[in-house]
Amino acid sequence: MIILNLLKQNMNINKLYDHKLIENFWYKYWINNNLFKSIPNNKIPYTIAMPPPNITGVLHMGHVLNVTIHDVLIRLNRMKGHNVCLIPGIDHASISTEVKVMQSLKDKNIYKDIIGREKFIKYVYEWKEQYGNIILNQIKKLGVSCDWDRLCFTMDEKYYNDVQDAFIHLYNNKFIYQDYKMVYWDTKSLNTVSDEEIIQEPCVNKLYYIKYNLLHSNKYIIVATSRPETIIGDVAICTFIDNKIYPTIKDNYALIPLINTKIPIICDHSISSKFGSGYVKITPAHDFNDYEIAKRHNLPVKNILNKNGTLNDTYEPLNGLNRFIARKTIVDLLIKNGHIIKIENYKTFKKISKRTNTIVEPMITKQWFVKMKYLSSLCSTLLDNNRITIYPQKYVNVYKNWLNNIQDWCISRQLWWGHRIPIWYLKNQKKFIVAAKNSHQAINLFKIQYNIDVNENNIEQDKDVLDTWFSSWLWPIKIFSKKDFQYYYPTNIIITSPEILFFWIIRMIIAGLYFCQEVPFKKIYITGTVRDKRGKKMSKSLGNSPDINKLIEKYGADSIRASIFFLSKNNNDIMFEESYCLQAYSFINKIWNSVILIESLKSDKKDEYHIDSLKIIHWFNSKINKTIIDLNQIYQNDNDLSKSFVLLYKIYKEDFCSFYLEIIKFYTKKQYRYYTITIKYLKILLKMLHPYIPFITEEIWHKIGDNKNLLNPLITSNYPQSYSNINNAIINDMKNVYDLLNKLRNFKIKYNISSNDRLDINIKSLNIIFYKKYISIIKIFIQNINNVFYNDDSKKYNECLMIKNDKIYIDLSKKNKIDNIKNIDFLYKKINILIKYKESIKKKLSNELFLKKAPDNIIIKEKKKYSDISEKINHYQLQIDND
RNA sequence: AGGAGUAUAGCUCAGUUGGUUUAGAGCAUCUGUCUUACAAACAGAAGGUCAUAGGUUCGAAUCCUAUUACUCCUACCA
């Protein structure tokens, strides 16, 4: 048998769909014929600015999801006659790029601090040339129809300029200010470090319980700390809110051990009663949480560390000591003076700089901020006025929550790769500041604003660069030329993942409103997150995303795109596993094979239909029109692309292949011709499927009918409109035919009826017309049916099927009867279920309150149900009795 | 710690304003079938106390409250 299979496969090998060949061909064709290109014209535009992936990126499943949704919407709207424009881009990604390039330079023994800023930037550009396009090529492989001529990079000259303009504009309008912020500091490289450059390692640390005496009493309080050397920087003692002892000590002061400085005792909601002693020392200069508390309580900030990690002169015995040696020294002193009550071990994390392997130190630094209060108020009414809609709805609350709690935005980063902050200082006199794009402008401004004459040599530009988001928040407003902006802006939709709703989406809206007085997009479409089978988010760093190139190679881009929609239901998270591609792959295979069948229907003869087959043609006509309408409804309402794709999957696989084609195939054998009408339906189906699976549909489009010319590709064809009325009666009829078929197939299996058996049946029904109309179709699927009698009382065989209230008697006299006991068991099981159901309805109907309060139509329905069920039970009971 | 979300078949999810549903799909499972487009196919079967506990109602998977578990975002662990 296996050999036979192999033989068959080999014979059909040229019939197999070769996705690699076909996908490459069509992408090239689309590009070469400028079919993705968009130029302003008199059509209505449909524009999407694609979220620019990082240049450090490699395509992972999350991108595939995002990018595919983009392309489906774009292809759909292109076919619907819009002037569509999908703008691709890449993001310079300051931090991750700088870290990545530093890493690669480190292997060559090159260090950025040694080679200097200019040379380093040169290396970054070299790196970008080499690796920056990987992700774009992968996007192309997926078939995404971007206008590649509009490719935009956040470090392009024009974009760079725009970012600087935005900063200067905000600065001149007093939205940008300088303030202190706590950041992590690398004491060895003397630089700030970002979260991405920090490794967290679990470790066991010591927790010291230290006695602080009170000033106006002989009591004391115990404070737990892991960093005893910082007690000399204490400015307060803090306890939790419900501490019952607090009222008795709140007007008192605590004395710092050894140095005996008096500090106030406060309480704050951020302190937990469960950890440590319930009292915390507040050292604002050296701890993130303490810094926040100090700000809330107006406490001073007392720095005790030098930038290289040694202690300063706050307390003479520790002056100049390394922070870890200082800890030992002060612990010894505290023990000697009886201030240490106990020392405990506890599990925590230490944060280590990837650059130098030293433990990082919280440090207060001067940074640039954007005032957000007024800016965020610009978007407060957008949702209520429907200027922007969010899909799915569940993110509306998240959006509002973010907007209400928005904090000022720290936009400076101590890096070299990125947009350099356009601020100029007078050397050695930092209080003279101007915002300017270049030294030339700066010199002028110093003269105008401060009346100071300066030259290139005594001014300097701020060394830091801007947060990457400060460039990407301008994305939708700065990717167009001035002329194009009028035409394309605002864009129609933004498609993105939930985690950057705050970082990016809200900020883009703010920028759009502030700089252009118009929202940047009308709809926010939030996709799910792609996870692996264990629920972990798929990402590069975890390495749990499958290699997309390999997946495309194996299954084809169409399959990968389709599987996204099989999985992404309701925009929920996707648990991805490679095996899920198989369903989509077999669907593609199915489509290809169905076309082989359809092409075999081709004939020179004039079309001529068998009278019975017209029903199926009319039915499919209604069905396809209904699908067109249903799809349009989905596209108009919420763009739940998974729902629409599954609808298409079902009509193609179940209605078209399993039903329509099976019947057509049957009549074709009898020399009737159905090619033209079938091609008409196929074309409509291809059009509707094209946005999801563009390659195979385009290929088939050119292989069928009279369409064998490349001048009329599917990608730019017109999207199908509903063209005739929907006959709901026939759709309903066919559903009943389907039910009947199921019952008969069941019956066949139960009674072990072989395909050679020919059986007579007698149908007793009030609706004989229905059976007479469709019996020819039923016979195609159930070839066992021999003579059919209607309401013939002389023919009442024992075996009987109940369908609704119709009875279909089947003569099994020519056939061995099946095992009676088994059959009776089955019938009893059925009766039991029905009796249970009957009871529940009886209970309902005998409930007076139900009869009094429930609406009439419900009561009538329940009564009808009751009588129907009673009859069914009787019917089954009768069968048992007869056996 | 704050905010949001989810809980329905082995898995991924539907389930319209509470009553046409005896809670449905698709995968996976099991059974049957080489059938001239497709065995990566076709046909069939089995599988569920709708997370738990209360409440509202004539009637709850659906509305309300509490609990539990998980996920995400933000901020963190003295």
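The chains referred to below are lettered A, B, ... by the order of the sequence lines, with proteins before strands, and numbering in each begins at 1.
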Check whether any side-chain nitrogen or oxygen of [X] sits under 4.0 Å from OP1 or OP2 of [N], and answer yes or no.
X: A:Ser642; N: B:C13; value: no
X: A:Lys665; N: B:A37; value: yes
X: A:Lys853; N: B:G59; value: no
X: A:Lys590; N: B:C42; value: yes
X: A:Asn289; N: B:A75; value: no
X: A:Lys844; N: B:C58; value: no

Measure from the side-chain heavy atoms of [X] and tell me the nearest of [options].
X: A:Ser658; options: B:U22, B:C42, B:C77; answer: B:C42
X: A:Ile596; options: B:U74, B:G26, B:A37; answer: B:A37
X: A:Lys865; options: B:G19, B:U20, B:C77; answer: B:U20
X: A:Leu207; options: B:A78, B:G5, B:A37; answer: B:A78
X: A:Phe503; options: B:A43, B:U22, B:U74; answer: B:U74
X: A:Ala854; options: B:C77, B:C58, B:C38; answer: B:C58

With both distances kept under 3.5 Å, what pairs with [N], Watson-Crick or G-U wobble?
N: B:G32; value: B:C42
N: B:U21; value: none
N: B:G47; value: none
N: B:A1; value: B:U74
N: B:U6; value: B:A69
N: B:C63; value: B:G55

### Task
Take A:Glu862 and A:Leu845, measure what side chain to side chain contact (heavy atoms under 4.5 Å, CB included) needs, and give me the verdict at the end.
CA-CA 8 Å; A:Glu862 292 295 322; A:Leu845 286 171; 4.1 Å; yes

### Message
Would you say A:Tyr649 and A:Glu654 are linked by a side-chain donor-acceptor pair, where the criterion is simply a distance under 3.5 Å?
### Response
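The answer is no; no qualifying pair exists.
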
### Query
Would you say the side-chain atoms of A:Tyr555 and A:Ser563 include a donor-acceptor pair closer than 3.5 Å?
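No.
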
### Message
Tell me whether A:Phe850 and B:C58 count as stacked here, given that the ring centres must be under 5.5 Å apart and the planes must differ by less than 30 degrees.
### Response
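Given the distance and angle limits, no, they do not stack.
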
Does [X] reach a base, just sugar-phosphate, or nothing at all? Heavy atoms under 4.0 Å.
X: A:Lys650; answer: sugar-phosphate
X: A:Glu662; answer: base
X: A:Phe747; answer: nothing
X: A:Leu834; answer: base
X: A:Asp290; answer: nothing
X: A:Phe288; answer: sugar-phosphate
X: A:Lys653; answer: sugar-phosphate
X: A:Cys657; answer: base
X: A:Asn401; answer: sugar-phosphate
X: A:Thr225; answer: sugar-phosphate

In whole Å, measure the gap between the [atom1] atoms of [N] and [M] for me.
N: B:A75; M: B:A4; atom1: C1'; value: 15 Å
N: B:A46; M: B:A41; atom1: P; value: 23 Å
N: B:A78; M: B:C13; atom1: P; value: 37 Å
N: B:C63; M: B:G18; atom1: C1'; value: 8 Å
N: B:G15; M: B:G19; atom1: P; value: 13 Å

### Message
Closer than 4.0 angstrom, basic N to acidic O: yes or no for A:Lys852 and A:Glu848?
### Response
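Here A:Lys852 does not pair with A:Glu848 in a salt bridge, since their nearest N and O are not under 4.0 Å apart.
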
#### Entry: Worked verdict on A:Tyr692 versus A:Phe566 for ring-ring contact (aromatic ring centres under 6.0 Å, His included)
CA-CA 11 Å; A:Tyr692 302 89; A:Phe566 280 131; over 10 Å; no

### Query
Strictly under 6.0 Å, is that where the ring centroids of A:Tyr660 and A:Tyr681 end up?
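Yes, close enough.
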
### Task
Could you say whether A:Leu849 or A:Ser586 is positioned toward the 5' end of RNA chain B, judged by the nucleotide with the nearest heavy atom to each?
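The residue whose closest nucleotide sits nearer the 5' end is A:Ser586.
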
### Query
What are the two closest non-hydrogen atoms of A:Leu383 and A:Lys400, and how far apart are they?
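Heavy atoms of A:Leu383 and A:Lys400 come nearest at CD1-CE, 4.1 Å.
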
